[in-house]
*Asks:* 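Here you go, one structure.
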Amino acid sequence: MKTYNTIKKIAITAAALAATSLMANISIDGSTTVGPIAKAFAEYYKESNPDVNITISESGSGNGVKSLMNGSCQIATLSRFMKVNEFKSCVEKGVLPVAHTVAYDGLAVIVNPQNKVSALSTKQIADIYTGKITNWKEVGGDDAKIVVISRDTNSGTYETFNELVLKKAPVVHGAEYVGSNGQARSRVNSTKYAVAYVGLGFADSTVKALSVDSVLPTPSTVATGKYPIARPLYMFTNGSPKMGGHVFNFVTLCLTPEGREIISDLGFIPVCK
Amino acid sequence: MNNEHEKSLILGEAGNMGRAVAGWLGRAVLFSITAIPTLAIVFMIIFIAGEALPFFENLKNVKEFFTSTNWAPSSADNPHFGALSIFYGTAMVTIVSCAVAVPLGILVSVCLSEIVSARAARIFKPVIELLAAIPSVVYGFFAIVVFAPLLQNSGGALIGGTIALLGIPLCLVASLCAGESLKGDNATSIKSVSVSAAVFLLLCIPVLLLARDALSLQISSGTNALNASIILAIMALPTIVSISQDALSSVGRDMREGSLALGATKTETIFKVVIPCAKSGIAVAVILGLMRVVGETMVVWMASGNSLKIPEPFYNVLEPVRTMTATIAGEMGEADQSTGSARYHVLFAMSTCLLFLALLMNAAGRYIGGNKSRK
């Protein structure tokens with residue numbers, strides 16, 4: 001009975017989804033990392049489909065899942081995979097999340113351009129973030145306190161960093177938390193002895209990206225799996241989108257040559273060559 | 001005949017009823033409209049406290065919540081909910097911003113109501129009140145983009161300069177007061193002047209030494225307790241200025257004139273008559289300003305650095321701190337509502353604490369305000 005109900009709910013939501021795509025309205029919510037991709041896709045997509053209205057919110061991966069669960073968005077953008085708990089809650093609410101990998105993202109560990117340090121090992125980064133290393137001179141830099149900047153625990157970037165680098169160890173209590181990639185970058189740019197991690201697309205010339213385990217974060221090192229702090233980025237839809245529908249076209253845009261170009265332009269790595 | 005005339009004025013039985021019903025209905029509608037905000041707050045208290053209850057049921061949790069600084073609610077296998085450093089952050093930011101906003105706000109309001117001309121006050125007051133209209137995220141943006149780099153690059157000079165700029169005039173006032181008090185004892189003017197000068201020098205030396213020490217201060221991170229506190233102080237200013245100026249202005253002309261007629265100077269009138277008369281109004285203004293500071297979220301989330309540590313030493317305002325409001329805002333997105341995890345309930349426990357703090361301050365404000373009207 002319960003399964004039947006769930007199926008019914010899925011059918012209803014799918015019907016609702018179909019109806020909304022008839023009205024040509026796509027709403028997207030989720031990660032601030034995937035946000036730029038979604039925005040650029042939306043701009044590109046609207047050019048060829050002017051009747052489509054696309055709204056994009058960036059409230060974090062966790063909130064994206066909630067929006068998908070509540071039906072307030074058709075596409076949830078996530079910078080991490082959906083958690084077991086979230087998946088369970090979705091299914092209980094009659095939403096079946098389907099993952100679409102849109103790009104790969106390396107997390108760049110960034111420091112101020114004036115910092116002498118330009119390479120760290122994963123172990124050293126983990127030690128800095130767990131508080132075992134507190135001074136730059138311990139890793140070959142100036143004698144100055146390290147200002148540790150982390151993304152807030154709401155973000156997929158935090159989760160990825162926490163999992164890939166810290167192996168789920170807690171971040172040192174003296175660390176500062178910031179609410180977005182852009183803020184992390186501007187804090188590092190204006191703070192001489194700060195260190196932070198951001199999506200590769202955010203590591204521009206205002207900051208210096210460190211090489212990790214002697215591999216610099218570049219599109220090719222991420223795509224080939226050499227760079228150790230990298231992750232896939234996802235768009236989740238409720239059920240598989242209808243073939244040829246707007247949502248379908250949107251989430252598969254990353255496979256087209258134009259989509260790949262947009263992704264590379266933003267500093268991410270396309271899923272296929 | 002008279003009877004008939006009267007009868008036309010009195011409504012029939014049915015009309016009477018209709019009127020009564022209409023009147024009753026009208027009152028009922030108005031009453032329920034009035035009840036909406038009251039019910040809203042009642043439901044909010046019930047809901048927030050209700051969601052916090054599962055957390056408080058576990059006594060071990062409660063002890064950890066109030067006494068430990070180990071805050072790791074996101075950890076899957078070994079979560080910790082020690083919020084002491086977060087309470088401390090709220091307290092620190094509140095105290096520092098009050099230390100800035102309260103003297104400043106009271107001085108500004110005294111100046112507006114007693115010293116500058118009414119015409120100037122009419123220009124200044126709306127401008128100060130305009131500060132309250134700026135969205136808090138704009139303040140936060142300013143704190144990050146302008147104030148944080150400024151503190152990092154030239155924070156020492158800024159703090160040292162402020163100490164010198166504030167300290168030297170204060171020393172001057174103190175030394176003049178000291179000289180003045182000697183005058184009353186029939187001392188010669190030379191003696192009083194020399195005492196003034198001696199006191200001035202004596203007070204100036206530590207102030208200048210402090211300012212010099214501050215000059216060499218290196219601030220490693222501009223988003224810290226001081227940054228958030230100063231921005232919050234600016235945000236609390238309009239409330240404090242506006243309400244305490246109203247209180248000062250409402251002190252009667254008879255009081256001032258009585259005081260002046262008895263031979264008091266204008267300064268004496270202000271400090272010994274007007275301010276004491278407006279005391280409770282000023283206290284209410286301070287409490288309302290305090291509530292603005294405690295409840296503010298966006299600015300502290302952006303400007304305070306959000307670090308989970310009690311600064312070392314405990315009065316070091318140049319270290320980042322995290323407040324209760326920022327914690328709730330920052331953790332809510334990942335706190336799993338559907339599974340009702342402890343991480344979700346602990347945020348409501350924190351909300352409950354904030355709510356009670358607000359109720360307490362509100363009650364204190366009402367109590368002090370009430371004293372005034374009874375007088």
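Because the structure is a prediction, the values reported are computed rather than measured. Residue numbers begin at 1 in each chain, while the letters A, B, ... track the order of the sequences.
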*Asks:* By a 4.5 Å heavy-atom criterion (distance strictly below it), what part of A/A175 contacts chain B: side chain, backbone, both, or neither?
*Replies:* backbone

*Asks:* Within the 3.5 Å criterion, strictly below it, is a donor on A/R187 or B/T223 matched to an acceptor on the partner's side chain?
*Replies:*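 Yes, because at least one side-chain N or O of A/R187 sits under 3.5 Å from a partner of the opposite role on B/T223.
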
*Asks:* Highest number of heavy-atom pairs under 4.5 Å with chain A: which of B/P311, B/P149, B/P320, B/A329?
*Replies:*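 Option with the greatest count: B/P320.
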
*Asks:* Got a donor-acceptor contact below 3.5 angstrom from the A/N238 side chain to the A/V95 backbone?
*Replies:*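 Checking the backbone N and O of A/V95 against the side chain of A/N238, no donor-acceptor pair under 3.5 Å is found.
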
*Asks:* Report the option among B/S85, B/A148, B/S221 that has the most heavy-atom pairs separated by less than 4.5 Å from atoms of chain A.
*Replies:*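 Maximum pair count with chain A is reached by B/S221.
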
*Asks:* Scan the side chains in residues 48-61 of chain B for donor-acceptor partners under 3.5 Å anywhere in the protein, sequence neighbours excluded, and list what turns up.
*Replies:*
from, atom 1, to, atom 2, distance (Å)
B/N58, OD1, B/K60, N, 3.1

*Asks:* Relative to chain A, which segment of B/N70 carries a heavy atom at a distance below 4.5 Å: side chain, backbone, both, or neither?
*Replies:* both

*Asks:* Tell me, please, whether A/Y234 has A/R80 positioned over its six-membered ring: NZ or CZ under 6.0 Å from the ring centre and within 45 degrees of its axis?
*Replies:* no

